[in-house]
Each structure stands twice: as structure tokens, then as C-alpha cells.
Protein chains: 2
Amino acid sequence: MALIESRGYRALTMAALARELRVSPSALYNHVRAKQDLLRWIQDHVNEGIDASGFATEPWDVALERWARSYRDAYARHAPLVPVIAVAPVAGAAHTIAMYERVAAGLQAGGWPAEAVIDVIVAVESFVLASALDATSPPDIFDVGDLAAQAPVFAAAVAARRAADPARAAFDVGLTALLDGLRTRLARLQPAPSGETSSRARGVN
Amino acid sequence: MALIESRGYRALTMAALARELRVSPSALYNHVRAKQDLLRWIQDHVNEGIDASGFATEPWDVALERWARSYRDAYARHAPLVPVIAVAPVAGAAHTIAMYERVAAGLQAGGWPAEAVIDVIVAVESFVLASALDATSPPDIFDVGDLAAQAPVFAAAVAARRAADPARAAFDVGLTALLDGLRTRLARLQPAPSGETSSRARGVN
DNA sequence: ACCTGAACACCGTTCAAGT
DNA sequence: ACCTGAACACCGTTCAAGT
């Protein structure tokens, strides 16, 4: 059905979708209560393609990094869904729930206490989703224009930033820092494990 | 002019604004090229209220934390602007540029190299904006409904999460980790300073 | 159970015409 | 320079009527 959004989200209108399916717009409301339902359906489909496989085999931090990168790349291609996700409840979205189950199980196996698991997921997810949005922003977004004189340090910093993919560079800085900080937090949360370093601790399973 | 959005963003329609100003809708287009202009104007106004004062007096990490908290709280009250910010160029928005100037100057004075400053800002800002969006999400967003059997670990983790303000708890976890990781990165970037600890280093000015 | 066709209540925006 | 009024080209959604 909705495999046909190859023409961007701005064109994803109920009338256009109906035309694609050679059906009248009102017919869609036999399969969907509102457009919001359709977007949640697409979201669940996108989430099915996110790589959460590492949580079954790798240390939690390695798996979390792989998941975060896969998550960001997926939503960089589906940026208009980002504001939807923030509000849409997860109930009924089977693939989405399956993804969260893998992440939660991996974190808990890695030593995170149950009451902290969701906070970690939400924190990483927040950073990931906004970074996906950032990846779609115009490259000249930080050009100060004729106000450069009032912001010399900022303008110079913008000019000094010449990475091939600035949005990815910022994502890398943030993700690395976030993971590093989470490792530190977990290490403080639990007594030092025997033998392994804390960043590689698998915990019980 | 636009001090009158006390009735929420869903009601912020060109027609409603025109009615508020006792003017016809088409008259607005003498002051604004499109609705997007209006939203950027409001954004600049919101940014004026964000606390970036710490960068002139405090160590960079203390100032960054204060800025991030103030930033999140402001946009938790203006969540519909978040998707706009991600795309809207900064040019012409005087207060927004002034804010970035303070942040950039503070980071550079704290020892961050010019070419890394924007990446740090973008990373923190991404996390902040998505957390603001998250703060407006319904509290039952993670209820798995009738799929609980397929996601036992996740469902248990959701149940174990009983903070008074879950969104703020996740924000705290993420911000603390992010700042911690950034301190570590800066310490690795520069040779150990004399006398002070790296987290308190002010650098040159 | 699923469709059509007409209609409704909106959107943002343009443009000729006025003062 | 700034306004009005009418119009345009859309939106998502509802609902009676058909098969």
C-alpha cells in the first residue's frame, strides 16, 4: 500500500494517495480513521528497518551506537515524521514495540537498572531524532548575513567549520559524548565488575 | 504585535491573527512575505528570553548547562516552533544571532577550538529541542496496550519509571551524560592545563 | 464491507481596487 | 504605504447513497 511515497512528504496528501490507488479520497476513510493513522502506519514501517540487532550479541554501548546511527539515517530520509513521533503513542505499532523491546532488553542485560532504561532510551532517541531533522536543514542555515559585525566569534566559528557533512560531524560529536557520559553514569551506578572493563560489561542475561 | 499568542499555536492562523488585529487577512501580507516569516519572528522573540548570560562569567560547562535548561524550558512552551527552527536560516534574526555569539564566545574562551564550536552547539541544541518536544508528549506515549506480552522487558521498564516528570528525568540523564562526554572530549583535545581541573578551565579570553 | 460524489469548513495566498 | 474584498487553489473530513 504505502510503499509508494517516492515523491516526498509534501506530496503525501489524502487526495494524491487516493489518486495513486485509483480510488476516491473518501474511500481512504474506510481503512484509516484520520491521516494521523496513516503517518503512524508509515512510522511503524520505517522503524522495522532500524538496526537493533546488536543488542542480542554486542555490549550495550556498541549496540546502542549502531542503533542510534541506523535510527538517524532512517529518519533523515523521513524527516517529516519526526514531529509526529514525538506525540504519537506507541500502542498498536508492532514493529516499533519490537524494536523498543530489543533495546530495553539489551540495556538491562548490559547492567542498566529497569527504572533507568526508558530514560536512557528517550535521551538517545531525542538526540537522534533532532539530529535527523538537522541533517535535512539547508547548508547555509548559520549564515549570519549582514549581522556578521555583531557576531564575530560566531561567524568565524561558522567559517572554520568545513567538514564535508557538517550535520554528521555534529551528530558524531554528540553521540560520542552522550555514549561516553552514559558509560560513566552506569559505572557509577554499579560496583566495579570483576575482570572486564566497565565499558565492555555485559552483565547478566 | 505578536504578543498575542496566548491561545496556542493551533489557533495561530493568519485569519485569526488578522481578526485579533482587527484587520483583513490579506493586510498581513504588507508586513510579512509568508507565514514562515511570522514564525521566524516569533522564534527570534522566544530566543531573546533564553539565558545565555553564564558564558560571560561562568566556566563553559556550567554556562552550557544553564543555557540548555533555559532553552528546553522555553521551547517546551513553544513546541510547534521546533520543526520550524530546524529548517529556518538564522540570517536576519538579531536576538538569535546574539545568543549564538554569546555561546560561541563562551565555548571558545573555555578552550574549544574554533572549528569544533558549532558542532558542540548543534549537538547540544539538537538534544535540547527534541527534549522540548518530548516534554509535550502525552504521558501514556509508551503504553504498549495489548502487545505487552510481546515486549515484557520494555513494558516492565515503562512500569518501573515512576518519576514525577518523566520527560525531565530523561532530559537530566541525557544532558548530564552529554556534558560529561564533552568535558572528556575537550580534555583529550588540549594538553592538561596547569593548576585548575579541566572541567573548570576558562582558557584565554 | 467497501466504494462514489457532493458537500463542508477550513487553510495560506494573490490581486485589483481603493485611501 | 497600507488597507479591503473577492477570489483561487488547495487541505482533511463527513455523509448519504449506492454495490
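Just so it is clear: chains get the letters A, B, ... in the order the sequence lines come, proteins before strands, and each one is counted from 1.
- Here C/dT13 presents its P atom at 12 Å from CG of B/Leu17, a figure rounded to the nearest Å.
- Below 30°, between 30° and 60°, or above 60°: for B/Trp41 and B/His45 the angle between ring planes is below 30°, a parallel geometry.
- Listed candidates were D/dT14, C/dT13, C/dT4. Nearest to the side chain of A/Val23 is C/dT4.
- At the heavy-atom level, B/Ser26 lies under 4.0 Å from base atoms of the strands shown.
- Contact annotation: A/Thr13 does not reach the phosphate of D/dC10 (side-chain N/O to OP1 or OP2, under 4.0 Å).
- Using a 4.0 Å heavy-atom distance criterion, A/Ser24 is classed as a base contact.
- For the pair A/Trp67 and A/Val128, the minimum side-chain heavy-atom distance is 4.5 Å or more.
- Atom C1' of nucleotide C/dG12 and atom CD of B/Gln36 are separated by 12 Å, given to the nearest angstrom.
- In this structure, CG of B/Asn30 is placed 17 Å from P of C/dT19, rounded to the nearest angstrom.
- Rounded to whole angstrom, the span from the CG atom of A/Leu28 across to the P atom of C/dC3 amounts to 9 Å.
- Counting to the nearest Å, the P atom of C/dG12 and the CG atom of B/Leu38 are 10 Å from each other.
- C/dG18: Watson-Crick or G-U partner is D/dC2, with both key distances under 3.5 Å.
- Atoms CZ (B/Arg22) and P (D/dC3) sit 15 Å apart, rounded to a whole Å.
- Checking D/dG12 for Watson-Crick or G-U wobble geometry (two distances, each under 3.5 Å) identifies C/dC8 as its partner.
- Using a cutoff of 4.0 Å between basic side-chain nitrogens and carboxylate oxygens, B/Asp180 and A/Arg183 are not scored as salt-bridged.
- Rounded to whole Å, atom C1' of C/dA9 lies 14 Å from atom CZ of B/Arg10.
- With respect to B/Asp172 and B/Arg72, no salt bridge is recorded, no charged nitrogen being found less than 4.0 Å from a carboxylate O.
- Between the C1' atom of D/dC11 and the NZ atom of A/Lys35 lies a distance of 9 Å, rounded to the nearest Å.
- Contact check, A/His31 against C/dC3: a side-chain N or O comes under 4.0 Å of OP1 or OP2.
- Considering only the side chain of B/Ala27, D/dC3 comes nearest among D/dC3, C/dC3, C/dT13.
- In the model, B/Asp37 has no side-chain atom that pairs as donor or acceptor with a side-chain atom of B/Tyr29 under 3.5 Å.
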